[in-house]
**Student:** 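The structure's right below; bear with me while I get my questions together.
Start at 1 and go down the list; that is how both ligands and their atoms are numbered. Please read all numbers here as calculations on a predicted model, not as lab measurements.
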Amino acid sequence: MADIGIDLGTGTTVVCHPRDGVVYDEPSLLVEWPARRGRELILGNDAAALDGRTPPGARTGRPVRGGAVTDLSLVRTYLHELLRRTSRNRWRVRRPHAVLSCPVDATPLERRALLEAAEEAGLGHADLLPAPLAGALGCGLDLADARVQAVADVGAGTAEIAVFCRGTVLTRRSCRHAGDEMTAAVRTHLREHHGLHLSEAAADALKVRASAAREPLAAEGRDVATGRPRVVTVEVAEIEAALAPVVRRAVGALADFLDDVPVAGIPDLLAGGVVLAGGSAPAPHLRDELEAALGVPVKVPDRPRTCVAEGLALAGGRPELRARPA
Ligand SMILES: Nc1ncnc2c1ncn2[C@@H]1O[C@H](COP(=O)(O)OP(=O)(O)OP(=O)(O)O)[C@@H](O)[C@H]1O
Ligand SMILES: [Mg+2]
C-alpha cells in the first residue's frame, strides 16, 4: 500500500502521493462556519479567502504552530477533512497510511500528540519524519549516505537546520524567526512608515511578491488615520530592509550549528554545502547571509516549498527511515 506524505506546516499543508505527486497545496487553515445543522468545515484556500470575514460563532484555526499541535480536536477535524478532500477518487484505500512531518526538535509528547490526532482522523497508520530529513529526500539527497549532510528548512513558523549522517541527526538548531515573523515585519513597516494597516494575508502576499519583483509594488489596506481604504506604492528595497532584521536573527540562530559538527564532517559540508528548503527560502538575502555566515555553499532546491512533502511520500517506501528514532 502506497503511503502518502503530509507536510502539515504552520502556513501551508502539502500532501504528496508517491505516484501522483503533489495533490494538495493550500494554507493550513480551518474555518468552522455556523450552519443550520451544526457547522460547515471550510479548508485551505477557501478558508483563507474568508479569513477576517467570518460571522460571530465561526471559528478559524491553524492546526499547528511551529510544528506543534495547537488544539488536538482542531487537528483531528482538520486532518479528517483533509483526507476526505484529497482521497476522493484518488486512493482506493479508505484508511491510507501516511508519513507526516514534524520539527526536528519536537518533543516525544508533541510527536505522540500529532500521531494520535492523525490516527484518530482516519489514517490507518502514521509515522513521523523530521522536516529537514524529509526535505533532503525530496530534493534527491541519499539519506543513507555516510557523508555528513545539512539541510535547513525555513517555513512560516519555524526555521530549522539538521546535520545528519546515515539518516541520523548529529546536531540541529531551531528558532521561530521565519516567514510569519517576516510578514509581521512587513505589516509593522507599512503601518509605521506609510500609515497603512494591512491584513496578514495582504502583507504575506506583498512579501512574496517582493522576493521576485524589481518594480515598486502596490499595497492595499486601511489608512490608519482616516480609516478609509488606501493604496500605497512600496519600493522593493523597503520590504527588503524591513525583512533584513528577521533574516539576520534567523541566520544568527541557525549558523552556530557548525560548532557542533564533528571536524571530520567539515570537508563533507564544504563539498556538499547546505540545502535551504522551505517556503521562505527565496526571502531576500536569506541564502546569501546564510552562506556568508557559514562559509559553505548554500543551495536552494528547485521546489523548496514542496520538497518536504515529496520526501515524506518517498519515505513511505523506506520503512527503515520511519522506524529510526529521530
Ligand atoms: N517567494 C517567497 N519569498 C519569501 N517568502 C515566501 C515566498 N513564498 C512563500 N513564502 C513564505 O513561506 C512561508 C510558507 O513556507 P512553508 O510552506 O515551507 O511553511 P510551513 O511548512 O507551513 O511552516 P513551518 O514549517 O514553519 O511549520 C510563508 O511564510 C510564506 O509567506
Ligand atoms: Mg514546513
**Student:** Suppose we measure from atom 17 (O) of ligand 1 to each protein heavy atom; which comes out shortest, and what is that distance?
**Tutor:** T12 OG1, 2.9 Å
**Student:** Run the numbers for me: atoms of ligand 1, each under 4.0 Å from some heavy atom of G157, listed by number.
**Tutor:** 23 (O), 24 (P), 26 (O)
**Student:** Assess whether a salt bridge exists between D180 and R62, defined as any Lys/Arg side-chain N lying under 4.0 Å from an Asp/Glu carboxylate O.
**Tutor:** yes
**Student:** Which residue and atom name correspond to the protein heavy atom nearest atom 25 (O) of ligand 1, and how close is it?
**Tutor:** G155 CA, 4.0 Å
**Student:** Do E116 and R76 meet the salt-bridge criterion of a basic N to acidic O distance under 4.0 Å?
**Tutor:** no
**Student:** Does R230 pair with D223 as a salt bridge, N-O distance under 4.0 Å?
**Tutor:** yes
**Student:** How far is atom 18 (O) of ligand 1 from the closest protein heavy atom, and which atom is that?
**Tutor:** G279 N, 2.7 Å
**Student:** Just go through T10, D204, L206 and tell me whose heavy atom is the nearest to atom 24 (P) of ligand 1.
**Tutor:** T10
**Student:** From the options D46, T60, L41, L43, select the one residue that forms a side-chain contact (heavy atoms from CB on, under 4.5 Å) with V31.
**Tutor:** T60
**Student:** Which residue and non-hydrogen atom of the protein lie closest to atom 21 (O) of ligand 1, and at what distance in Å?
**Tutor:** G9 CA, 3.5 Å
**Student:** Have a look at V186 and tell me which of L243, V234, D204 forms a side-chain contact (heavy atoms from CB on, under 4.5 Å) with it.
**Tutor:** L243
**Student:** Which residue owns the protein heavy atom closest to atom 3 (N) of ligand 1, what's the atom, and how far is it?
**Tutor:** S211 OG, 3.2 Å
**Student:** Give the atom numbers and elements of ligand 1 that come within less than 4.0 Å of a heavy atom of P282.
**Tutor:** 1 (N), 2 (C)
**Student:** Which heavy atom of the protein is the closest neighbour of atom 19 (O) of ligand 1, given with residue, atom name and distance?
**Tutor:** A156 N, 3.1 Å
**Student:** Can you name the closest pair of heavy atoms from L114 and L128 and give their distance?
**Tutor:** CD2-CD2, 3.9 Å
**Student:** Answer yes or no: does atom CG of D259 have more than 12 heavy-atom neighbours from other residues, nucleotides or ligands under 6.0 Å?
**Tutor:** yes
**Student:** Under a heavy-atom criterion of less than 4.0 Å, does A178 contact ligand 1?
**Tutor:** no
**Student:** Any N/O of T158 closer than 3.5 Å to an N/O of ligand 1?
**Tutor:** yes
**Student:** Give me the residue, atom name and distance of the protein heavy atom closest to atom 29 (O) of ligand 1.
**Tutor:** K207 NZ, 3.2 Å
**Student:** Which residue owns the protein heavy atom closest to atom 13 (C) of ligand 1, what's the atom, and how far is it?
**Tutor:** S280 OG, 3.7 Å
**Student:** Strictly below 4.0 Å, N to O, side chains only: are D256 and R173 in salt-bridge contact?
**Tutor:** yes
**Student:** With distance as the sole test, does R95 use its side chain to make a donor-acceptor pair with the main-chain N or O of L123 at under 3.5 Å?
**Tutor:** yes
**Student:** Below 3.5 Å, N or O to N or O, backbone or side chain included: is there any such pair between V154 and ligand 1?
**Tutor:** no
**Student:** What atoms of ligand 1 come within less than 4.0 Å of a heavy atom belonging to G278?
**Tutor:** 18 (O)
**Student:** Check this for me, if you would: do E40 and R59 make a salt bridge, where the nitrogen-to-carboxylate-oxygen distance has to be below 4.0 angstrom?
**Tutor:** no
**Student:** Suppose I only count heavy atoms of G11 and a 4.0 Å limit; which atoms of ligand 1 are within that range?
**Tutor:** 20 (P), 22 (O), 23 (O)
